[in-house]
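Please read the structure below before turning to the comments.
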Amino acid sequence: MTSYSKDTIRELMDGTLPWPQTRRIMSAYKDEDRFFKVIEVLQDRVKWKDRILLPVGEHLFIAETAKGRVTKCECGHDYGDYRQNWKLAAAILVRNTDELLREVYPTSDLPDPEWMELREFICPTCGVIHEVEACAPGYPVVHDFQPDLEGFYADWLGQPLPRQ
């Protein structure tokens, strides 16, 4: 099995590898240390020193901090304990009027705001949109991902969960 360098993994994540090489990597079995190389690349990109344990989204991570494990934005904004719904600590833009929906659907048919709204979950520090939900008005904000970190590291990665 081929093991790719950290630089190759960085280029894969950035989308800068030539397509034939990207396709070859995507089609092959994953090298055993791929996850750790991805974490290294992500760690190099953030300005903070807390250890990234797991990426949650493109700019959102679970990190080990002095306060414990938290959900944290790439900019450093701390959303609190990773077991809590980070979305409730985000800035939330609710698109529930024709005017607000038209900003997203400028030339197509609009959804009926009485039946659907868009919720944008935005980092209050840097303004990155972490997630968008399309849902019925009044539908609760769902905590859609709570990983078993210990199980993932022990059972899938074969290593203990790193501690700060």
Notebook entry, point to check: Between His130 and Val56, is any pair of side-chain heavy atoms under 4.5 Å apart?
Noted result: no

Checklist line | Side chains of Pro124 and Tyr79 in contact at under 4.5 Å (non-hydrogen atoms) | finding: yes

Margin query: Quick one: does any side-chain atom of Gln43 pair with a main-chain N or O of Arg51 as donor and acceptor, under 3.5 Å?
Written below: no

Next item on the list: Determine, using the 4.5 Å side-chain heavy-atom cutoff (strictly less than), whether Leu53 and Phe36 are members of one ILVMFWY cluster.
Entry: yes

Checklist line | Rounded distance (nearest 0.5 Å) linking atom CG of Leu12 with atom CG of Asp7 | finding: 12.5 Å

Next item on the list: Check Asp81, Asp50, Asp78 against Lys72 for a salt bridge (Lys or Arg N to Asp or Glu O under 4.0 Å) and give me the one that passes.
Entry: Asp50

Notebook entry, point to check: When you check the side-chain N and O atoms of Lys37 and Ser3, is any donor under 3.5 Å from an acceptor?
Noted result: yes

Notebook entry, point to check: Does the gap between the ring centers of Phe35 and Phe152 come in under 6.0 Å?
Noted result: yes

Margin query: I need the His77 NE2 to Ile122 CD1 distance, nearest 0.5 Å.
Written below: 12.0 Å

Next item on the list: With Phe145 as reference, evaluate Leu60, Thr71, Asn85, Leu54 under the side-chain contact (heavy atoms from CB on, under 4.5 Å) test and give the passing residue.
Entry: Leu54

Notebook entry, point to check: Only one of Glu120, Glu117, Glu133 forms a salt bridge (Lys or Arg N to Asp or Glu O under 4.0 Å) with Arg95, so which one is it?
Noted result: Glu120

Checklist line | Val142: hydrophobic cluster co-members (side-chain, 4.5 Å) | finding: Tyr139

